[in-house]
Asker: 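Encoded as structure tokens, here's the structure I'll be asking about.
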Amino acid sequence: MTRNDSTYWLWFELLWREYFYWYALKHGANLFRRDGVQRKRHQATFYGHRFKAWCEGNTEYPLVNAAMNQLRETGYISNRARQIVASCLVNELELDWRYGAAWFEQQLIDYDVASNYGNWQYLAGVGADPRGGRHFNLEKQARQFDPCGTFVDQWEGESDQPVGNHTVDAADWPL
């Protein structure tokens with residue numbers, strides 16, 4: 001067998017899948033709880049227009065939009081893109097991670113319940129990672145992984161939404 005970066009990452013991702021299989025067996029129903037396996041208090045908000053914009057690839061974040069468009073059209077996005085869009089849903093849009101997990105369940109052709117919910121808990125900071133949630137800097141991710149904007153262009157990630165389209169007032173009315 002040839003060993004290189006590609007074979008290493010394939011092996012690494014297979015180990016994660018195996019880990020989450022055993023993780024789900026150990027934690028059972030806690031895999032689906034808002035506060036996760038850590039039982040760590042976590043926000044459980046739902047702003048319909050934010051969630052809709054995320055699902056439709058119509059947020060103010062072109063890289064997120066491109067990944068969500070790719071997911072809707074193909075049923076697949078890379079592991080990195082899954083982490084980026086999950087971080088956006090949880091951190092920028094301030095939505096309950098379970099909505100994202102449920103959306104992925106409907107969309108992914110390679111869906112696996114343990115990997116999906118385990119990874120969403122991990123990103124939301126209520127899962128296996130003792131350091132808390134993961135907050136990706138979306139601009140840095142775009143510069144690092146799509147410096148020329150090729151992916152964003154290919155998957156039509158530019159939005160006509162103004163910056164701050166997910167901001168609402170106290171009555172949940174868009175500002």
Side-chain angles (χ1 to χ4, degrees), residues 9-61 63-72 74-142 144-145 165-168 170 172:
W9 284 111
L10 177 62
W11 175 77
F12 183 83
E13 294 301 331
L14 287 171
L15 284 178
W16 267 117
R17 190 177 182 102
E18 180 78 6
Y19 169 78
F20 281 125
Y21 170 81
W22 293 105
Y23 180 88
L25 283 178
K26 177 181 178 185
H27 295 292
N30 288 328
L31 190 64
F32 308 100
R33 295 187 200 276
R34 177 197 67 205
D35 300 332
V37 299
Q38 290 186 22
R39 298 187 183 264
K40 186 178 180 182
R41 278 308 273 174
H42 196 267
Q43 66 186 2
T45 55
F46 183 76
Y47 299 101
H49 64 286
R50 293 181 193 181
F51 183 65
K52 181 180 179 195
W54 181 80
C55 293
E56 292 176 350
N58 197 24
T59 70
E60 64 184 271
Y61 310 103
L63 184 61
V64 171
N65 296 343
M68 295 304 289
N69 292 341
Q70 182 186 37
L71 174 61
R72 269 192 343 279
T74 68
Y76 178 80
I77 55 176
S78 70
N79 183 57
R80 170 65 57 175
R82 293 174 199 212
Q83 293 177 55
I84 290 168
V85 301
S87 176
C88 177
L89 181 107
V90 170
N91 297 301
E92 275 69 34
L93 302 180
E94 300 174 331
L95 294 170
D96 184 329
W97 65 270
R98 295 172 299 170
Y99 292 105
W103 180 255
F104 272 26
E105 184 174 347
Q106 290 180 353
Q107 300 297 311
L108 288 169
I109 58 174
D110 65 343
Y111 174 75
D112 174 76
V113 67
S115 295
N116 186 54
Y117 280 84
N119 274 308
W120 273 95
Q121 279 193 3
Y122 172 78
L123 262 293
V126 296
D129 190 353
R131 296 178 288 177
R134 299 283 178 219
H135 191 165
F136 285 72
N137 178 322
L138 300 177
E139 290 179 16
K140 179 182 175 193
Q141 294 294 308
Q144 185 173 356
F145 295 104
N165 71 326
H166 64 273
T167 305
V168 296
D172 197 24

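Please read all numbers here as calculations on a predicted model, not as lab measurements. Just so it is clear, the values below take in all heavy atoms, side chains as well, and ignore hydrogens, waters and symmetry mates.
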Asker: For Arg33, which residues count as a side-chain contact (heavy atoms from CB on, under 4.5 Å) partner, sequence neighbours excluded?
Answerer: Ala29, Asn30, Arg39
Asker: For a 4.5 angstrom cut-off between non-hydrogen side-chain atoms, does Val113 reach Glu105?
Answerer: no
Asker: What's the separation between atom OG1 in Thr59 and atom CZ in Arg50, rounded to the nearest 0.5 Å?
Answerer: 12.0 Å
Asker: If you define the side chain from C-beta out and look only at heavy atoms, does anything of Phe136 sit under 4.5 Å from Val64?
Answerer: no
Asker: Roughly how far, to the nearest 0.5 Å, is the CE atom of Met68 from the CG atom of Leu63?
Answerer: 12.0 Å
Asker: So, using side-chain contact (heavy atoms from CB on, under 4.5 Å) as the criterion, who are the partners of Leu10 when residues are at least two apart?
Answerer: Leu14
Asker: Using a 3.5 Å distance criterion without hydrogens, assess whether the side chain of Gln121 forms a donor-acceptor pair with backbone atoms of Leu31.
Answerer: yes
Asker: In Å, rounded to the nearest 0.5 Å, how long is the span from CG of Leu123 to CG of Asn91?
Answerer: 8.0 Å
Asker: Calculate, to the nearest 0.5 Å, the distance between atoms CZ and CD1 belonging to Arg134 and Ile84 respectively.
Answerer: 14.0 Å
Asker: Check side-chain contact (heavy atoms from CB on, under 4.5 Å) between Tyr99 and all other residues, then give those that pass, not counting sequence neighbours.
Answerer: Phe46, Phe51, Asp96
Asker: Considering only residues two or more places apart or on different chains, which pairs with a residue in residues 11-21 satisfy side chain to side chain donor-acceptor pair (under 3.5 Å)?
Answerer: Glu18-Trp22
Asker: Ala101: what forms a side-chain contact (heavy atoms from CB on, under 4.5 Å) with it, not counting sequence neighbours?
Answerer: Trp97, Asn116, Tyr117, Trp120
Asker: Closest heavy-atom contact between Leu95 and Tyr47?
Answerer: CD2-N, 3.4 Å
Asker: If the condition is side-chain hydrogen bond (donor to acceptor under 3.5 Å, both in side chains), which residues does Asn119 pass it with, not counting sequence neighbours?
Answerer: none
Asker: Just checking Glu139: does its CD atom have more than 12 heavy atoms from other residues, nucleotides or ligands closer to it than 6.0 angstrom?
Answerer: no
Asker: To the nearest 0.5 angstrom, please state how far the CD atom of Gln141 sits from the SG atom of Cys88.
Answerer: 12.0 Å
Asker: Return each pair, listed once, that meets salt bridge (charged side-chain N to carboxylate O under 4.0 Å, His left out) where at least one residue sits in residues 74-90; pairs must be two or more places apart or across chains.
Answerer: Arg82-Asp110
Asker: Who pairs with Gln70 by side-chain hydrogen bond (donor to acceptor under 3.5 Å, both in side chains), at least two apart in sequence or on another chain?
Answerer: none
Asker: Return the set of residues passing salt bridge (charged side-chain N to carboxylate O under 4.0 Å, His left out) with Arg72 (not counting sequence neighbours), or none when no residue passes.
Answerer: none
Asker: For Asn137, give me all partners under side-chain hydrogen bond (donor to acceptor under 3.5 Å, both in side chains), at least two apart in sequence or on another chain.
Answerer: none
Asker: Just how far is it from atom CG of Leu93 to atom OG of Ser87, taken to the nearest 0.5 Å?
Answerer: 10.0 Å
Asker: So which heavy atom on Glu92 is nearest to which on Tyr61, and how close?
Answerer: CG-OH, 3.3 Å
Asker: Do Val37 and Tyr23 touch side chain to side chain, with heavy atoms closer than 4.5 Å?
Answerer: yes
